[in-house]
Number of protein chains: 2
Amino acid sequence: MTTDLPRRPGRPARPVTREHLLKVAREAFSQLGYAGASMGDIAGRAGIRKSSLFHHFATKDDLYREALSTVVADLGVFVGQALQGDGTFVERLDRSILATQHYFGAHPVAARLLMREFVDGGAAITAAGDAVAAVLETSVAMFEQGMNEGILPRTDARHLAMTVAAVQIQFYATPEVSARLVGADVFAPDVVEQRSQIVVEHLHRLLGIK
Amino acid sequence: MTTDLPRRPGRPARPVTREHLLKVAREAFSQLGYAGASMGDIAGRAGIRKSSLFHHFATKDDLYREALSTVVADLGVFVGQALQGDGTFVERLDRSILATQHYFGAHPVAARLLMREFVDGGAAITAAGDAVAAVLETSVAMFEQGMNEGILPRTDARHLAMTVAAVQIQFYATPEVSARLVGADVFAPDVVEQRSQIVVEHLHRLLGIK
DNA sequence: GTCTATACATCGATAGAC
DNA sequence: GTCTATCGATGTATAGAC
(Lines give C-alpha, C1' and ligand atoms only; values in the text may rest on other atoms or scores of the structure.)
Protein backbone atom coordinates (compact mmCIF):
# COMPACT_ATOMS: atom_id res chain seq x y z
CA MET A 1 0.00 0.00 0.00
CA THR A 2 1.60 3.22 -1.18
CA THR A 3 1.13 6.55 0.51
CA ASP A 4 0.81 9.72 -1.55
CA LEU A 5 3.71 11.97 -0.73
CA PRO A 6 2.79 15.64 -0.64
CA ARG A 7 3.64 17.46 -3.85
CA ARG A 8 6.64 19.72 -3.70
CA PRO A 9 7.76 22.60 -5.94
CA GLY A 10 10.65 22.21 -8.34
CA ARG A 11 11.46 21.21 -11.91
CA PRO A 12 10.07 17.72 -12.58
CA ALA A 13 11.98 15.15 -14.63
CA ARG A 14 9.19 14.96 -17.19
CA PRO A 15 7.06 18.12 -17.35
CA VAL A 16 3.77 17.85 -19.20
CA THR A 17 3.93 18.97 -22.80
CA ARG A 18 1.87 21.80 -24.22
CA GLU A 19 0.32 19.30 -26.66
CA HIS A 20 -0.86 17.10 -23.81
CA LEU A 21 -2.41 20.07 -22.03
CA LEU A 22 -4.23 21.05 -25.22
CA LYS A 23 -5.45 17.49 -25.66
CA VAL A 24 -7.02 17.27 -22.21
CA ALA A 25 -8.37 20.80 -22.63
CA ARG A 26 -10.11 19.76 -25.85
CA GLU A 27 -11.65 16.81 -24.03
CA ALA A 28 -12.84 18.95 -21.12
CA PHE A 29 -14.25 21.77 -23.26
CA SER A 30 -15.90 19.24 -25.56
CA GLN A 31 -17.58 17.37 -22.71
CA LEU A 32 -18.47 20.31 -20.46
CA GLY A 33 -18.38 23.40 -22.64
CA TYR A 34 -16.42 26.59 -22.06
CA ALA A 35 -18.37 27.68 -18.99
CA GLY A 36 -18.68 24.19 -17.56
CA ALA A 37 -15.01 23.23 -17.74
CA SER A 38 -12.72 24.74 -15.12
CA MET A 39 -9.00 25.34 -15.13
CA GLY A 40 -8.71 23.22 -12.00
CA ASP A 41 -10.48 20.33 -13.66
CA ILE A 42 -8.29 20.54 -16.77
CA ALA A 43 -5.14 20.74 -14.67
CA GLY A 44 -6.27 17.72 -12.67
CA ARG A 45 -6.84 15.70 -15.86
CA ALA A 46 -3.27 16.53 -16.89
CA GLY A 47 -1.86 15.63 -13.49
CA ILE A 48 -0.68 19.11 -12.50
CA ARG A 49 -1.95 21.92 -10.31
CA LYS A 50 -4.16 24.76 -11.45
CA SER A 51 -1.42 27.36 -11.04
CA SER A 52 0.93 25.25 -13.17
CA LEU A 53 -1.62 25.31 -15.96
CA PHE A 54 -1.72 29.10 -15.71
CA HIS A 55 2.03 29.06 -16.30
CA HIS A 56 1.39 27.62 -19.79
CA PHE A 57 -1.73 29.60 -20.64
CA ALA A 58 -2.21 33.08 -19.22
CA THR A 59 -6.03 32.91 -19.22
CA LYS A 60 -8.77 30.34 -19.67
CA ASP A 61 -9.74 32.14 -22.85
CA ASP A 62 -6.26 31.67 -24.29
CA LEU A 63 -6.38 27.96 -23.56
CA TYR A 64 -9.83 27.59 -25.11
CA ARG A 65 -8.90 29.50 -28.25
CA GLU A 66 -5.78 27.45 -28.84
CA ALA A 67 -7.57 24.16 -28.12
CA LEU A 68 -10.35 25.04 -30.55
CA SER A 69 -8.00 26.31 -33.23
CA THR A 70 -6.16 22.99 -33.35
CA VAL A 71 -9.40 21.21 -34.21
CA VAL A 72 -10.35 23.74 -36.85
CA ALA A 73 -6.86 23.60 -38.35
CA ASP A 74 -6.74 19.79 -38.34
CA LEU A 75 -10.10 19.51 -40.00
CA GLY A 76 -9.15 22.19 -42.50
CA VAL A 77 -6.03 20.42 -43.74
CA PHE A 78 -7.74 17.03 -43.67
CA VAL A 79 -10.58 18.20 -45.88
CA GLY A 80 -8.26 20.40 -47.91
CA GLN A 81 -6.08 17.43 -48.81
CA ALA A 82 -9.14 15.42 -49.82
CA LEU A 83 -10.20 18.19 -52.20
CA GLN A 84 -6.75 18.24 -53.83
CA GLY A 85 -5.79 16.01 -56.74
CA ASP A 86 -7.66 15.12 -59.88
CA GLY A 87 -10.90 13.35 -60.43
CA THR A 88 -14.41 14.36 -61.34
CA PHE A 89 -16.50 16.78 -59.32
CA VAL A 90 -18.34 13.95 -57.64
CA GLU A 91 -15.12 12.11 -56.83
CA ARG A 92 -13.66 15.17 -55.12
CA LEU A 93 -16.93 15.79 -53.29
CA ASP A 94 -17.04 12.21 -52.01
CA ARG A 95 -13.43 12.38 -50.86
CA SER A 96 -14.15 15.51 -48.82
CA ILE A 97 -17.29 13.96 -47.31
CA LEU A 98 -15.48 10.78 -46.32
CA ALA A 99 -12.49 12.73 -44.98
CA THR A 100 -14.81 14.79 -42.76
CA GLN A 101 -16.74 11.76 -41.52
CA HIS A 102 -13.60 9.76 -40.81
CA TYR A 103 -12.05 12.72 -39.00
CA PHE A 104 -15.10 13.14 -36.74
CA GLY A 105 -15.27 9.39 -36.22
CA ALA A 106 -11.61 9.15 -35.25
CA HIS A 107 -11.60 12.26 -33.03
CA PRO A 108 -14.59 12.06 -30.66
CA VAL A 109 -14.00 15.51 -29.18
CA ALA A 110 -13.92 17.36 -32.48
CA ALA A 111 -17.50 17.60 -33.72
CA ARG A 112 -18.91 18.35 -30.27
CA LEU A 113 -16.33 21.05 -29.63
CA LEU A 114 -17.14 22.66 -32.97
CA MET A 115 -20.87 22.45 -32.41
CA ARG A 116 -20.53 24.01 -28.95
CA GLU A 117 -18.62 26.90 -30.47
CA PHE A 118 -21.32 27.37 -33.11
CA VAL A 119 -24.09 27.25 -30.51
CA ASP A 120 -22.20 29.73 -28.33
CA GLY A 121 -22.26 32.05 -31.31
CA GLY A 122 -18.55 31.99 -31.94
CA ALA A 123 -18.36 35.18 -29.91
CA ALA A 124 -15.22 34.11 -28.07
CA ILE A 125 -13.40 33.34 -31.27
CA THR A 126 -12.52 35.59 -34.16
CA ALA A 127 -9.66 33.72 -35.78
CA ALA A 128 -11.33 30.32 -35.59
CA GLY A 129 -14.65 31.87 -36.56
CA ASP A 130 -13.06 33.23 -39.70
CA ALA A 131 -11.51 29.82 -40.41
CA VAL A 132 -14.90 28.15 -40.06
CA ALA A 133 -16.49 30.76 -42.29
CA ALA A 134 -13.75 30.09 -44.84
CA VAL A 135 -14.58 26.37 -44.83
CA LEU A 136 -18.25 27.14 -45.39
CA GLU A 137 -17.39 29.57 -48.19
CA THR A 138 -15.26 26.88 -49.82
CA SER A 139 -18.29 24.64 -49.66
CA VAL A 140 -20.48 27.31 -51.23
CA ALA A 141 -17.95 27.86 -54.03
CA MET A 142 -17.82 24.13 -54.70
CA PHE A 143 -21.60 23.83 -54.99
CA GLU A 144 -21.77 26.83 -57.32
CA GLN A 145 -19.08 25.26 -59.45
CA GLY A 146 -21.09 22.06 -59.63
CA MET A 147 -24.19 24.03 -60.66
CA ASN A 148 -22.27 25.91 -63.34
CA GLU A 149 -20.93 22.63 -64.70
CA GLY A 150 -24.48 21.31 -64.87
CA ILE A 151 -23.75 18.50 -62.43
CA LEU A 152 -25.93 19.91 -59.66
CA PRO A 153 -29.42 21.35 -60.13
CA ARG A 154 -29.68 25.08 -59.42
CA THR A 155 -30.64 26.08 -55.89
CA ASP A 156 -29.49 28.50 -53.20
CA ALA A 157 -25.88 27.40 -52.60
CA ARG A 158 -25.63 29.12 -49.19
CA HIS A 159 -28.67 27.44 -47.68
CA LEU A 160 -27.46 24.21 -49.23
CA ALA A 161 -24.06 24.60 -47.55
CA MET A 162 -25.74 25.06 -44.17
CA THR A 163 -27.81 21.92 -44.63
CA VAL A 164 -24.81 19.90 -45.78
CA ALA A 165 -22.75 21.07 -42.80
CA ALA A 166 -25.55 20.08 -40.44
CA VAL A 167 -25.77 16.59 -41.91
CA GLN A 168 -22.04 16.11 -41.55
CA ILE A 169 -21.55 17.35 -37.98
CA GLN A 170 -24.72 16.57 -35.99
CA PHE A 171 -24.33 12.79 -35.71
CA TYR A 172 -20.93 13.07 -34.01
CA ALA A 173 -21.62 16.31 -32.10
CA THR A 174 -24.46 14.73 -30.12
CA PRO A 175 -23.24 11.14 -29.71
CA GLU A 176 -25.56 10.23 -26.81
CA VAL A 177 -28.64 11.15 -28.86
CA SER A 178 -27.24 9.40 -31.94
CA ALA A 179 -26.34 6.30 -29.96
CA ARG A 180 -29.79 6.11 -28.44
CA LEU A 181 -31.37 6.38 -31.88
CA VAL A 182 -29.22 3.90 -33.79
CA GLY A 183 -28.55 1.62 -30.81
CA ALA A 184 -24.78 1.48 -31.09
CA ASP A 185 -21.61 3.27 -30.02
CA VAL A 186 -21.22 6.11 -32.48
CA PHE A 187 -17.43 5.93 -32.54
CA ALA A 188 -17.12 2.16 -33.08
CA PRO A 189 -15.12 1.69 -36.33
CA ASP A 190 -17.84 -0.25 -38.11
CA VAL A 191 -20.48 2.31 -37.15
CA VAL A 192 -18.24 5.13 -38.42
CA GLU A 193 -17.82 3.29 -41.71
CA GLN A 194 -21.55 2.67 -41.99
CA ARG A 195 -22.43 6.27 -41.19
CA SER A 196 -19.83 7.53 -43.69
CA GLN A 197 -21.41 5.56 -46.53
CA ILE A 198 -24.88 6.68 -45.47
CA VAL A 199 -23.85 10.35 -45.36
CA VAL A 200 -22.44 10.05 -48.88
CA GLU A 201 -25.74 8.53 -49.96
CA HIS A 202 -27.79 11.19 -48.16
CA LEU A 203 -25.76 14.07 -49.56
CA HIS A 204 -25.88 12.66 -53.09
CA ARG A 205 -29.65 12.64 -52.91
CA LEU A 206 -29.74 16.03 -51.25
CA LEU A 207 -27.48 17.57 -53.90
CA GLY A 208 -29.41 15.90 -56.71
CA ILE A 209 -26.50 13.85 -58.05
CA LYS A 210 -27.44 11.19 -60.63
CA MET B 1 -34.33 62.61 -12.29
CA THR B 2 -35.58 59.70 -10.27
CA THR B 3 -33.63 58.10 -7.48
CA ASP B 4 -33.73 54.36 -7.02
CA LEU B 5 -35.26 53.61 -3.65
CA PRO B 6 -33.67 50.67 -1.88
CA ARG B 7 -35.66 47.47 -2.27
CA ARG B 8 -37.64 46.36 0.72
CA PRO B 9 -39.18 43.03 1.70
CA GLY B 10 -42.92 42.46 1.54
CA ARG B 11 -45.64 41.29 -0.80
CA PRO B 12 -45.51 43.30 -4.04
CA ALA B 13 -48.67 44.43 -5.80
CA ARG B 14 -47.77 42.47 -8.91
CA PRO B 15 -45.46 39.53 -8.26
CA VAL B 16 -43.76 37.96 -11.24
CA THR B 17 -45.57 34.98 -12.66
CA ARG B 18 -44.04 31.54 -12.92
CA GLU B 19 -44.52 31.71 -16.69
CA HIS B 20 -42.47 34.89 -16.90
CA LEU B 21 -39.67 33.33 -14.86
CA LEU B 22 -39.65 30.32 -17.16
CA LYS B 23 -39.55 32.60 -20.18
CA VAL B 24 -36.49 34.53 -19.04
CA ALA B 25 -34.91 31.26 -17.89
CA ARG B 26 -35.34 29.79 -21.37
CA GLU B 27 -33.69 32.88 -22.84
CA ALA B 28 -30.77 32.72 -20.42
CA PHE B 29 -30.18 28.98 -20.76
CA SER B 30 -30.49 29.25 -24.53
CA GLN B 31 -27.97 32.08 -24.80
CA LEU B 32 -25.49 30.96 -22.13
CA GLY B 33 -26.11 27.27 -21.56
CA TYR B 34 -26.82 25.52 -18.28
CA ALA B 35 -23.38 26.11 -16.79
CA GLY B 36 -23.04 29.63 -18.17
CA ALA B 37 -26.37 30.99 -16.93
CA SER B 38 -26.62 31.80 -13.23
CA MET B 39 -29.61 32.04 -10.95
CA GLY B 40 -28.61 35.61 -10.13
CA ASP B 41 -28.57 36.54 -13.81
CA ILE B 42 -31.96 34.94 -14.44
CA ALA B 43 -33.45 36.66 -11.40
CA GLY B 44 -32.04 39.98 -12.57
CA ARG B 45 -33.63 39.55 -16.02
CA ALA B 46 -36.97 38.98 -14.29
CA GLY B 47 -36.53 41.99 -12.01
CA ILE B 48 -36.31 40.09 -8.75
CA ARG B 49 -33.55 38.95 -6.39
CA LYS B 50 -31.82 35.61 -6.52
CA SER B 51 -33.36 34.40 -3.27
CA SER B 52 -36.83 35.25 -4.61
CA LEU B 53 -36.16 33.03 -7.60
CA PHE B 54 -35.23 30.20 -5.23
CA HIS B 55 -38.65 30.62 -3.67
CA HIS B 56 -40.22 29.54 -7.00
CA PHE B 57 -37.69 26.87 -7.94
CA ALA B 58 -35.88 24.92 -5.25
CA THR B 59 -32.77 24.28 -7.35
CA LYS B 60 -31.20 25.48 -10.58
CA ASP B 61 -31.71 22.01 -11.97
CA ASP B 62 -35.45 22.19 -11.32
CA LEU B 63 -35.67 25.50 -13.14
CA TYR B 64 -33.69 24.19 -16.09
CA ARG B 65 -35.75 21.02 -16.40
CA GLU B 66 -39.02 22.86 -16.34
CA ALA B 67 -37.79 25.51 -18.81
CA LEU B 68 -36.59 22.82 -21.21
CA SER B 69 -39.69 20.70 -20.83
CA THR B 70 -41.94 23.57 -21.93
CA VAL B 71 -40.03 23.80 -25.21
CA VAL B 72 -40.13 20.06 -25.79
CA ALA B 73 -43.83 19.95 -24.95
CA ASP B 74 -44.68 22.96 -27.15
CA LEU B 75 -42.81 21.50 -30.10
CA GLY B 76 -44.38 18.11 -29.51
CA VAL B 77 -47.97 19.35 -29.67
CA PHE B 78 -47.17 21.70 -32.56
CA VAL B 79 -45.75 18.91 -34.68
CA GLY B 80 -48.31 16.42 -33.39
CA GLN B 81 -51.18 18.63 -34.56
CA ALA B 82 -49.55 18.98 -37.97
CA LEU B 83 -49.38 15.20 -38.29
CA GLN B 84 -53.08 14.86 -37.45
CA GLY B 85 -55.83 15.03 -40.01
CA ASP B 86 -56.12 13.49 -43.43
CA GLY B 87 -54.07 13.90 -46.54
CA THR B 88 -51.43 11.87 -48.30
CA PHE B 89 -48.16 10.80 -46.72
CA VAL B 90 -46.32 13.65 -48.39
CA GLU B 91 -48.92 16.19 -47.30
CA ARG B 92 -48.63 15.12 -43.68
CA LEU B 93 -44.85 15.11 -43.92
CA ASP B 94 -44.79 18.61 -45.34
CA ARG B 95 -47.14 19.89 -42.66
CA SER B 96 -44.85 18.55 -39.93
CA ILE B 97 -41.76 20.04 -41.59
CA LEU B 98 -43.37 23.45 -41.96
CA ALA B 99 -44.75 23.34 -38.41
CA THR B 100 -41.27 22.63 -37.05
CA GLN B 101 -39.61 25.33 -39.12
CA HIS B 102 -42.24 27.93 -38.25
CA TYR B 103 -41.99 27.04 -34.58
CA PHE B 104 -38.21 27.46 -34.55
CA GLY B 105 -38.51 30.65 -36.58
CA ALA B 106 -41.09 32.13 -34.21
CA HIS B 107 -39.32 31.06 -30.99
CA PRO B 108 -35.64 32.05 -31.26
CA VAL B 109 -34.69 30.37 -27.99
CA ALA B 110 -36.12 26.96 -28.82
CA ALA B 111 -33.74 25.33 -31.30
CA ARG B 112 -30.64 26.55 -29.51
CA LEU B 113 -31.90 25.33 -26.15
CA LEU B 114 -32.67 21.92 -27.61
CA MET B 115 -29.33 21.69 -29.37
CA ARG B 116 -27.51 22.62 -26.15
CA GLU B 117 -29.33 19.84 -24.35
CA PHE B 118 -28.36 17.38 -27.10
CA VAL B 119 -24.72 18.49 -27.03
CA ASP B 120 -24.67 18.24 -23.24
CA GLY B 121 -25.71 14.64 -23.69
CA GLY B 122 -29.13 15.02 -22.13
CA ALA B 123 -27.61 13.78 -18.89
CA ALA B 124 -29.46 16.32 -16.76
CA ILE B 125 -32.80 15.37 -18.23
CA THR B 126 -34.60 12.07 -18.19
CA ALA B 127 -38.18 13.09 -18.79
CA ALA B 128 -37.35 15.54 -21.58
CA GLY B 129 -34.80 13.12 -22.99
CA ASP B 130 -37.48 10.48 -23.22
CA ALA B 131 -39.81 12.98 -24.88
CA VAL B 132 -37.15 13.85 -27.45
CA ALA B 133 -36.48 10.16 -28.07
CA ALA B 134 -40.22 9.69 -28.57
CA VAL B 135 -40.26 12.43 -31.23
CA LEU B 136 -37.37 10.77 -33.03
CA GLU B 137 -39.07 7.38 -32.81
CA THR B 138 -42.22 8.91 -34.29
CA SER B 139 -40.06 10.16 -37.13
CA VAL B 140 -38.55 6.70 -37.63
CA ALA B 141 -41.99 5.10 -37.66
CA MET B 142 -43.18 7.62 -40.22
CA PHE B 143 -40.28 6.93 -42.57
CA GLU B 144 -40.76 3.18 -42.26
CA GLN B 145 -44.41 3.65 -43.06
CA GLY B 146 -43.46 5.62 -46.17
CA MET B 147 -41.06 2.86 -47.22
CA ASN B 148 -43.69 0.16 -46.70
CA GLU B 149 -46.17 2.14 -48.78
CA GLY B 150 -43.58 2.36 -51.54
CA ILE B 151 -43.47 6.15 -51.37
CA LEU B 152 -39.92 6.29 -49.98
CA PRO B 153 -36.99 4.20 -51.24
CA ARG B 154 -35.69 1.69 -48.70
CA THR B 155 -32.82 2.86 -46.50
CA ASP B 156 -31.88 2.84 -42.80
CA ALA B 157 -34.76 4.74 -41.22
CA ARG B 158 -32.85 5.52 -38.00
CA HIS B 159 -29.87 7.13 -39.69
CA LEU B 160 -32.33 8.94 -41.93
CA ALA B 161 -34.17 10.32 -38.90
CA MET B 162 -30.91 11.66 -37.46
CA THR B 163 -30.06 13.43 -40.71
CA VAL B 164 -33.56 14.87 -41.04
CA ALA B 165 -33.47 16.18 -37.46
CA ALA B 166 -30.10 17.81 -38.10
CA VAL B 167 -31.39 19.59 -41.21
CA GLN B 168 -34.39 20.91 -39.31
CA ILE B 169 -32.67 22.19 -36.18
CA GLN B 170 -29.15 23.36 -37.07
CA PHE B 171 -30.06 26.53 -38.97
CA TYR B 172 -31.94 28.00 -35.99
CA ALA B 173 -29.73 26.51 -33.27
CA THR B 174 -26.65 28.37 -34.50
CA PRO B 175 -28.14 31.63 -35.77
CA GLU B 176 -24.88 33.60 -35.77
CA VAL B 177 -23.24 31.07 -38.07
CA SER B 178 -26.34 30.85 -40.25
CA ALA B 179 -26.66 34.63 -40.44
CA ARG B 180 -23.04 35.00 -41.45
CA LEU B 181 -23.48 32.42 -44.19
CA VAL B 182 -26.75 33.62 -45.70
CA GLY B 183 -26.18 37.30 -44.93
CA ALA B 184 -29.48 37.99 -43.20
CA ASP B 185 -31.19 37.85 -39.83
CA VAL B 186 -32.26 34.26 -39.40
CA PHE B 187 -35.47 35.12 -37.56
CA ALA B 188 -36.75 37.77 -39.98
CA PRO B 189 -40.19 36.59 -41.18
CA ASP B 190 -39.25 36.49 -44.85
CA VAL B 191 -36.06 34.54 -44.11
CA VAL B 192 -38.03 32.04 -42.01
CA GLU B 193 -40.47 31.58 -44.88
CA GLN B 194 -37.64 31.16 -47.38
CA ARG B 195 -35.80 28.67 -45.19
CA SER B 196 -39.01 26.71 -44.58
CA GLN B 197 -39.58 26.22 -48.32
CA ILE B 198 -35.92 25.30 -48.83
CA VAL B 199 -36.01 22.73 -46.02
CA VAL B 200 -39.08 21.13 -47.57
CA GLU B 201 -37.22 21.00 -50.88
CA HIS B 202 -34.05 19.62 -49.25
CA LEU B 203 -35.90 16.94 -47.32
CA HIS B 204 -37.94 15.89 -50.35
CA ARG B 205 -34.72 15.28 -52.25
CA LEU B 206 -33.11 13.61 -49.24
CA LEU B 207 -36.06 11.28 -48.73
CA GLY B 208 -36.28 10.50 -52.43
CA ILE B 209 -39.79 11.88 -52.94
CA LYS B 210 -40.85 12.20 -56.61
C1' DG C 1 8.03 24.17 -14.53
C1' DT C 2 5.68 22.91 -10.58
C1' DC C 3 4.31 23.73 -6.20
C1' DT C 4 1.79 26.11 -1.79
C1' DA C 5 -0.82 29.77 -0.44
C1' DT C 6 -3.86 33.28 -1.14
C1' DA C 7 -6.64 37.13 -3.06
C1' DC C 8 -11.02 38.21 -4.74
C1' DA C 9 -15.33 37.39 -7.28
C1' DT C 10 -19.26 34.66 -8.10
C1' DC C 11 -21.77 30.58 -7.62
C1' DG C 12 -25.90 27.77 -5.59
C1' DA C 13 -28.49 27.69 -1.65
C1' DT C 14 -30.38 28.99 3.17
C1' DA C 15 -32.19 31.85 7.25
C1' DG C 16 -35.19 35.03 8.77
C1' DA C 17 -37.48 39.82 8.56
C1' DC C 18 -41.51 42.11 6.47
C1' DG D 1 -43.63 36.66 -2.37
C1' DT D 2 -39.85 39.53 -1.93
C1' DC D 3 -36.22 41.25 0.46
C1' DT D 4 -31.33 41.61 3.14
C1' DA D 5 -27.70 39.06 4.76
C1' DT D 6 -24.80 35.31 4.85
C1' DC D 7 -22.70 30.68 4.36
C1' DG D 8 -19.64 27.40 2.08
C1' DA D 9 -17.89 25.93 -2.21
C1' DT D 10 -15.81 26.93 -6.34
C1' DG D 11 -14.28 30.06 -10.02
C1' DT D 12 -10.13 32.72 -12.30
C1' DA D 13 -5.92 34.51 -11.46
C1' DT D 14 -1.55 35.98 -8.89
C1' DA D 15 2.73 35.89 -5.65
C1' DG D 16 6.57 33.76 -4.40
C1' DA D 17 9.28 29.46 -2.82
C1' DC D 18 11.97 25.61 -4.84
Side-chain angles (χ1 to χ4, degrees), chain A residues 3-29 31-68 116 120 123-125, chain B residues 3-29 31-68 116 120 123-125:
Chain A
T3 57
D4 282 344
L5 292 176
R7 290 174 173 233
R8 302 269 250 32
R11 293 192 174 259
R14 216 173 92 33
V16 296
T17 65
R18 192 176 180 84
E19 278 69 28
H20 182 64
L21 291 175
L22 287 170
K23 183 187 175 190
V24 298
R26 282 194 298 268
E27 293 170 358
F29 285 131
Q31 291 170 9
L32 306 169
Y34 178 82
S38 75
M39 294 296 273
D41 174 38
I42 294 169
R45 291 175 188 232
I48 61 176
R49 296 281 156 175
K50 180 169 53 166
S51 53
S52 306
L53 180 55
F54 274 105
H55 172 78
H56 295 273
F57 302 92
T59 67
K60 183 185 181 182
D61 229 69
D62 286 347
L63 174 57
Y64 174 72
R65 294 183 137 110
E66 194 160 331
L68 176 63
R116 294 198 106 111
D120 284 339
I125 307 297
Chain B
T3 56
D4 281 343
L5 292 175
R7 291 176 171 232
R8 305 269 248 35
R11 292 194 173 257
R14 215 173 93 37
V16 295
T17 64
R18 193 177 180 84
E19 277 68 28
H20 182 63
L21 291 175
L22 286 170
K23 182 187 176 190
V24 298
R26 283 193 298 268
E27 293 169 357
F29 286 130
Q31 292 169 8
L32 305 168
Y34 179 82
S38 74
M39 295 296 274
D41 174 39
I42 294 169
R45 291 176 188 230
I48 62 175
R49 297 282 161 175
K50 180 169 55 166
S51 53
S52 305
L53 180 55
F54 273 104
H55 172 77
H56 295 274
F57 302 92
T59 68
K60 183 185 181 182
D61 229 67
D62 286 345
L63 174 56
Y64 173 72
R65 282 169 200 233
E66 193 160 333
L68 177 62
R116 292 199 108 114
D120 284 339
I125 308 297

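When heavy atoms are screened at a 4.0 angstrom cut-off, B:Ala37 is found touching the sugar-phosphate backbone but no base atom.
Taking only side-chain atoms of A:Ser51, from C-beta outward, the nucleotide of C:dT2, D:dA15, D:dC3 with the closest atom is D:dA15. Listed nucleotides: D:dT2, D:dT12, D:dC3. Nearest to the side chain of A:Ser38: D:dT12. Of the candidate nucleotides C:dA13, D:dA13, C:dC3, C:dA13 has the atom nearest to the side chain of B:Lys60.
Between the C1' atom of D:dG1 and the NE2 atom of B:His56 lies a distance of 6 Å, rounded to the nearest Å. If you take CG of A:Leu21 and P of C:dT2, they are 7 Å apart, rounded to a whole angstrom. Counting to the nearest Å, the C1' atom of D:dG8 and the CZ atom of B:Phe54 are 14 Å from each other. Atom C1' of nucleotide D:dT12 and atom CZ of A:Phe57 are separated by 16 Å, given to the nearest angstrom. What separates CE of A:Met39 from C1' of D:dT14 is a distance of 13 Å, to the nearest Å. Whole-Å rounding puts the B:Ile42 CD1 to C:dG12 C1' distance at 12 Å. A:Lys50 places its NZ atom 11 Å from the C1' atom of D:dT14, with the value rounded to the nearest Å. For B:Leu63 and C:dA13, the CG to P distance is 10 Å, given to the nearest whole Å.
The pair B:Arg116-B:Asp120 does not meet the salt-bridge criterion, since no charged nitrogen lies less than 4.0 angstrom from a carboxylate oxygen. A salt bridge links B:Asp61 with B:Arg65; the closest basic N to acidic carboxylate O contact falls under 4.0 Å.
An OP1 or OP2 oxygen of D:dC3 is reached within less than 4.0 angstrom by no side-chain nitrogen or oxygen of B:His55. A sub-4.0 Å separation between OP1 or OP2 of D:dC3 and a side-chain N or O of B:Ser52 is present.
Residues B:Ala37 and B:Leu32 share a closest heavy-atom pair of N-CB, 3.7 Å. Here the shortest heavy-atom pairing between A:Ala35 and A:Lys60 reads O-NZ, 3.9 Å. The two residues B:Leu22 and B:Glu66 make their nearest non-hydrogen contact at CD1-OE2, 3.7 Å.
The nearest heavy atom of DNA chain D to A:Ala58 and to B:Leu53 marks one nucleotide each, and the one closer to the 5' end goes with B:Leu53.
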